[in-house]
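Structure first, commentary second.
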Protein chains: 2
Amino acid sequence: MTDVPAGNGPGVRRRGRPPRTESADTRDRILVTAREEFSEHGYEKTSVRAIAKAAGVDSALVHHYFGTKEQIFEAAISVAFAPALNAPVAIADGPLDGVGERLTRFIFGIWENPTTRTPLLAIVRSAVTNDTAAAVFRRLIASQLLRRLAEQLDLPDAELRAELAAAQLVGCAMLRYVIKVEPLASADLEQIVARVAPVVQGHLTGP
Amino acid sequence: MTDVPAGNGPGVRRRGRPPRTESADTRDRILVTAREEFSEHGYEKTSVRAIAKAAGVDSALVHHYFGTKEQIFEAAISVAFAPALNAPVAIADGPLDGVGERLTRFIFGIWENPTTRTPLLAIVRSAVTNDTAAAVFRRLIASQLLRRLAEQLDLPDAELRAELAAAQLVGCAMLRYVIKVEPLASADLEQIVARVAPVVQGHLTGP
């Protein structure tokens, strides 16, 4: 280490670990690329090598920053769902009798927006077909989103309640956006919210 | 054709199309094999050649009986779900205020039974990841099962009602049997039925 040059002016490239800002940029680029690759090809068909190649870095650097493929997947999902993972506080905030509608609108909002629908669809597909991806999905969405919502609500059986409410929304998303069953696939969103929000509310706060 | 021997005693193998009973046996064997192959490998990774090989017949015979891969898939699902496709009549039969519980118990019954869970899981996985498989799933399950249930119920908006009820059940199945989210995955079935059946009932017959 003593033979490393003492002075490193701006623009002078060093060997070894890149400086902090360049490092952060590279890390972000890998993460964005990983999300795109997982979205396009699913968990099973995406390799660390393919992510590295698409990001223009060495596979070793991807492993250095994120660890295993499972950990990269988890990191990529976490970024994609950062707003969702912070949502429980906002959803639980406000009158308790409006929480069903707030949660329903939040979930349909994600699915109705093409920008968030595409990565979500990829994650759902990966989670349904691959056990490792299912475990990641379970940890992130179930544990963080649902458990945090349950904590905010502070009701008996809150976790099971949150999951049964989520089940209604997950099933609607499956039939409307994935399997595309009619008339649900083309039904007016407000009509669906009007029928689903009370059910979600009932699961969360009902007797 | 005139040079075909006139007499074919039992045990004498003919060329060309097999006689009626042998034909029916072969057709059934192909169908059972197809279901196994689709269950094990999913829609995309299953080829007509692989089905033919596993059934010990020529690919041409598979095409002769069933047509395209999509049509084989549909035929295989139809057999697997023959009881389910006849269920709407039984579910709709009886007092209307018990239809939610009958439908709920019927769907959970399929998922709780390992024999029917395995092919169903394969079909769900195929339908979520492949558009052709999704179309088959949509035609069979949605059109036949849900539409027939809706017809039996004879209510306004019956199809949308049946689909929203199905959404609650599909979502429960996804979280409990596919993603395996706790506490839902290990919850007592009667506890789930007690919470879900009224919701299904509400979708079907509520205001």
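Just so we're clear, the structure is a prediction, and the values are computed from it rather than from any experiment. Below, chains carry the letters A, B, ... as their sequence lines are ordered, and counting in each starts from 1.
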Non-hydrogen atoms of chain B under 4.5 Å away: do they reach the side chain of [X], the backbone, both or neither?
{"X": "Arg147(A)", "result": "side chain"}
{"X": "Ala166(A)", "result": "both"}
{"X": "Val199(A)", "result": "side chain"}

Using 30° and 60° as the class boundaries, would you call the ring planes of Phe73(A) and Tyr43(A) parallel, tilted or perpendicular?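 Aromatic pair Phe73(A)/Tyr43(A) classed perpendicular.
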
Going by atom types alone, do [X] and [Y] pair a side-chain donor with an acceptor below 3.5 Å?
{"X": "Gln168(B)", "Y": "His203(A)", "value": "yes"}
{"X": "Gln71(B)", "Y": "His63(B)", "value": "no"}
{"X": "Gln201(B)", "Y": "Thr205(B)", "value": "yes"}

Distance-only, no hydrogens or angles: does the Arg102(A) side chain make a donor-acceptor pair with backbone N or O of Pro95(A) under 3.5 Å?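 The answer is yes, because a donor-acceptor pair under 3.5 Å joins these two groups.
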
Would you mind telling me which of Leu121(B), Val170(B), Leu184(B) has the largest number of heavy-atom pairs within less than 4.5 Å of chain A?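 Sorted descending by pairs with chain A, the first entry is Leu184(B).
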
Best-contacting candidate, Ile179(B), Val178(B), Leu175(B), against chain A by heavy atom pairs under 4.5 angstrom: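 The option with the most such pairs is Ile179(B).
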
Which one, Gly171(A), Ala187(A), Ala134(A), Ser126(A), leads in non-hydrogen pairs under 4.5 Å with chain B?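 Of the options given, most contacts go to Gly171(A).
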
Taking the side chain as every heavy atom from C-beta outward, state whether Thr46(A) and Glu40(A) have any atom pair closer than 4.5 Å.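 A side-chain contact under 4.5 Å is absent here.
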
With only heavy atoms counted, which part of Leu164(B) is less than 4.5 Å from chain A, the side chain, the backbone, both or neither?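 Contact with chain A: backbone and side chain both.
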
Heavy-atom cut-off 4.5 Å, strictly under: side chain, backbone, both or neither for Val128(B) against chain A?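 Its backbone and side chain both get close to chain A.
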
